[in-house]
Amino acid sequence: MHCIQSRTRDPASFFLVGATITPRHEAAMRLSSYFLPTLKETPAEAQIVSHRLMLRSGMIRQASAGIYSWLPLGHRVLRRIEGIVREEMDAAGSSEMLMPTIQPAELWRESGRYDDYGKEMLRISDRHEREMLYGPTNEELITDIFRNCVKSYRDLPINLYHIQWKFRDEVRPRFGVMRGREFLMKDAYSFDLDFNGARDSYNAMFVAYLKTFSRLGLRTIPVRAESGAIGGDLSHEFQIIAETGESQLYFDATFEEIAHEPSPEFVGKLQSLYAATDDKHDTSECPVPTERLRTARGIEVGHIFYFGTKYAQPMGAKVAGANGEPTTVEMGSYGIGVSRLVGAIIEASHDEAGIIWPDAVAPFKIGLINLRPSDTACAEAGEDLYQRISAVGIDVLYDDREERPGAKFATMDLIGIPWQLTVGPRGLATGVVELKRRSSGEREEVSIESALARLID
RNA sequence: CGGAGUGUAGCUCAGCCUGGUAGAGCACCGUCUUCGGGAGGCGGGGGCCGGUGGUUCGAAUCCACUCACUCCGACCA
């Protein structure tokens, strides 16, 4: 209430904000008024680099074991990743929806998983002593929706997804957000009339995943997988290579040599290449000659399954087929660990000084550093750059704090902003600012206008 | 769930063995000197030593229980 009143000139203007008030790009931010609690030292609880850097850069704070609050900087990255995942799912023809975090136990009894899932499932009872659970996944719920709403084969295929928090009560949470108990996941579900349809749906998701991870700046290796607790015959894990990966991978060197074209024709080729985790890899039966076999640690960031009628059968998800006969639908599910990706990307992209965000997921594109805000020339130049960059809708974080230069550079390096634009008295004296690329460390002094031209194009 | 650790200031840690007024560095506040890659001086604020119960004249320190967190293993998006 207070906020609205203080910003609103009169009742009418409230409805005309866009037309009457200069739009202020929401993504632009002054560090002096931002919430960025960075740490110079590493908290003792963090063992791996992504966890350490996420704590130090003020992205997250732990609420309890495996459960985290996402502070503004971390939240931005999470939303960026989520946005890319959403765009690619939409482009692949999946429809976004949102299912609840709390589910009734009875649906899980129908599928038989209520007892199978064990202690990993967080069970809750409501005030009426009704058994509920915090969903670790959503096959039952989506199947229930489907069976109640879809009656004809003419409505197929259907592909639905949502991006929602899940909970798995891991015995031993670790590695920060990479193995949390609460995690944000995109899960999609496909419904088809027969195996061929399901296979097409599966491959469409396979392609969408290649596109998604490629946009996130990651190179993934699709590894054929057993379908585990969810069950089924056709399944791939998408692994990214990182030293701290949890599983040991063996794969054909061809993966490193070919460009990953996300096309349907390419799917068959990629699926035919050898890749296995250590528990599946058998040296004596491996078809790849030793000199062509690569090994590395991998982090699983996505998993796709075809599982046929595993849920549709017990839960009675049937449609009328072309001949009018009831036909049980063929299903698949497709997960991407959105919150895990935040940690995974850091594992794959960092140095001693901090995070190096790929441009697509960076919380800000430009870190504008004013080395001496108390100096009139610096303040004017900094403010001018800040206004001009934010005016064109580019995400810029303006370090306008009264801090020492070293601290400012260290902060920008730590939080991994792709471009650093530095304004200082020394450079301004000769009309230049410094432009630094975080990923390469490359620095050059350029005029203000050419810096803007480089960053805004 | 088995095994092993750790809980003292916002963060990193000392003090505990051998009980006697709670400490350092960083961070924070004030101030001075500084100012181009996490500077320095002076002054200041901040802790029920995870919790409960014991032993003792006296417990951060010894004992018991308990809670939390971390690591190794088994498990897993």
Side-chain angles (χ1 to χ4, degrees), chain A residues 37-48 51-52 55-58 61-67 117-121 135-138 164-188 209 225-230 235-240 246-247 277 279 298-305 333-341 343-344 352-354 369-375 378 399 401-415 420 422-430 432-434 436 438 441 443 445:
Chain A
T38 58
L39 301 171
K40 199 187 277 189
E41 290 178 278
T42 302
E45 78 248 26
Q47 298 301 313
I48 63 166
H51 192 191
R52 285 201 287 259
L55 289 167
R56 285 194 53 210
S57 63
R61 283 295 182 270
Q62 179 167 303
S64 73
I67 302 177
Y117 227 95
K119 291 191 151 186
E120 296 237 316
M121 181 146 74
T137 177
N138 289 68
Q164 177 64 292
W165 291 93
K166 308 276 192 291
F167 195 91
R168 291 185 194 167
D169 199 359
E170 296 279 343
V171 193
R172 190 183 159 208
R174 61 189 128 165
F175 305 148
V177 299
M178 298 233 296
R179 173 58 62 74
R181 291 194 291 172
E182 187 183 53
F183 55 97
L184 186 62
M185 185 174 176
K186 184 285 299 178
D187 43 321
Y209 274 38
E226 295 300 318
S227 27
I230 292 182
S235 174
H236 283 86
E237 294 174 355
F238 288 77
Q239 300 264 358
I240 68 170
E246 290 192 72
S247 39
T277 50
D279 49 323
I299 300 170
E300 182 183 349
V301 290
H303 203 154
I304 59 179
F305 301 89
S333 72
Y334 315 92
I336 290 179
V338 176
S339 51
R340 170 180 281 192
L341 271 166
E352 288 72 27
I369 298 175
N370 184 344
L371 287 181
R372 203 177 299 176
S374 60
D375 178 86
C378 287
D399 190 346
R401 299 171 302 165
E402 288 291 347
E403 285 286 341
R404 299 175 53 77
K408 297 192 172 208
F409 291 126
T411 297
M412 284 300 178
D413 282 348
L414 175 64
I415 68 176
Q420 288 174 23
T422 302
V423 176
R426 200 175 75 193
L428 281 186
T430 56
V432 297
V433 291
E434 184 186 274
K436 173 182 159 179
R438 176 69 178 90
R443 291 186 270 180
E445 298 206 320

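- Nearest-nucleotide positions on RNA chain B for A:P425 and A:Q47 put A:P425 closer to the 5' end.
- Using Watson-Crick or G-U wobble geometry with both donor-acceptor distances under 3.5 Å, B:U70 finds its partner in B:A4.
- Considering every non-hydrogen atom in both A:G302 and A:Y209, the closest pair reads CA-CE2, 4.3 Å.
- Legend: residues meeting salt bridge (Lys or Arg N to Asp or Glu O under 4.0 Å) with A:R372, ordered by chain and number and at least two apart, are absent.
- No engagement by A:R181 is indicated, since no non-hydrogen atom pair under 4.0 Å with the nucleic acid exists.
- Here the side chain of A:A65 is nearest to one of B:C35, B:C69, B:A77, namely B:C69.
- Where A:S64 and A:S374 each meet RNA chain B at their nearest nucleotide, the meeting point lying more 5' is that of A:S374.
- Residues satisfying the side-chain hydrogen bond (donor to acceptor under 3.5 Å, both in side chains) test with A:R438, not counting sequence neighbours, are A:D351.
- Counting non-hydrogen atoms under 4.0 angstrom, A:I336 reaches nothing in the nucleic acid.
- As judged by a 4.0 angstrom heavy-atom cut-off over every strand, A:R372 is placed among residues touching the sugar-phosphate backbone only.
- In a base pair of the Watson-Crick type (N1 to N3 plus N6-O4 or O6-N4) or a G-U wobble (N1-O2 and O6-N3), with each distance short of 3.5 Å, B:C35 is matched with no nucleotide.
- Rounded to whole Å, the distance from CD on A:E170 to P on B:G73 is 15 Å.
- The two residues A:P425 and A:L371 come nearest to each other via the heavy atoms CD-CB, 4.5 Å.
- Nucleic acid contact class of A:E434 (heavy atoms, under 4.0 Å, all strands): base.
- Between the CD atom of A:E246 and the P atom of B:A74 there is a distance of 12 Å, rounded to whole Å.
- Pairing partner, B:G30: B:C42, with both Watson-Crick or wobble hydrogen-bond distances short of 3.5 Å.
- Across all strands, A:G180 comes closer than 4.0 Å to base atoms (heavy-atom distances).
- Here B:C1 is the nucleotide among B:C76, B:G38, B:C1 with the atom lying nearest to any side-chain atom of A:V171.
- The two atoms that bring A:R61 and A:P37 nearest to each other are NH2-O, 2.9 Å, heavy atoms only.
- Counting non-hydrogen atoms under 4.0 angstrom, A:G406 reaches the backbone sugars and phosphates but no base.
- Using N1 to N3 plus N6-O4 or O6-N4 for Watson-Crick, or N1-O2 and O6-N3 for G-U wobble, each under 3.5 Å, B:C57 pairs with B:G20.
- The side chain of A:K408 places no N or O atom within less than 4.0 Å of a non-bridging phosphate oxygen (OP1 or OP2) of B:G38.
- Aromatic stacking of A:F183 on B:A77: satisfied, with centres closer than 5.5 Å and planes within an angle under 30 degrees.
- Remark: the A:R179 side chain and the B:C76 base include a donor-acceptor N/O pair separated by less than 3.5 Å.
- When all heavy atoms are compared, the tightest approach of A:N138 to A:K166 is OD1-CE, 3.2 Å.
- In a base pair of the Watson-Crick type (N1 to N3 plus N6-O4 or O6-N4) or a G-U wobble (N1-O2 and O6-N3), with each distance short of 3.5 Å, B:A64 is matched with B:U52.
- A:M412 places none of its side-chain heavy atoms less than 4.5 Å from the side chain of A:K436.
- For A:R174 against B:U70, a side-chain-to-base donor-acceptor contact under 3.5 Å is absent.
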Annotated protein contacts, base or backbone, on nucleotides 8-14 of chain B with a non-hydrogen cut-off under 4.0 Å, one of B, S, - each
---BSS-
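- We find that CZ of A:R168 is positioned 6 Å from P of B:A77, with the value rounded to whole Å.
- Using a 4.0 Å heavy-atom distance criterion, A:G424 is classed as a base contact.
- In this structure, the nucleotide among B:G36, B:U70, B:C71 sitting nearest to the side chain of A:F409 is B:G36.
- The pairing partner recorded for B:G25 is B:C11, the criterion being a Watson-Crick or G-U wobble arrangement whose two distances lie under 3.5 angstrom.
- Annotation: side chain of A:R401 is in contact with side chain of A:T411 (closest heavy-atom distance under 4.5 Å).
- Across all non-hydrogen atoms, the minimal contact from A:M185 to A:G335 is CE-CA, 3.6 Å.
- Per the geometry, CD belonging to A:E403 stands 14 Å off P belonging to B:G36, to the nearest Å.
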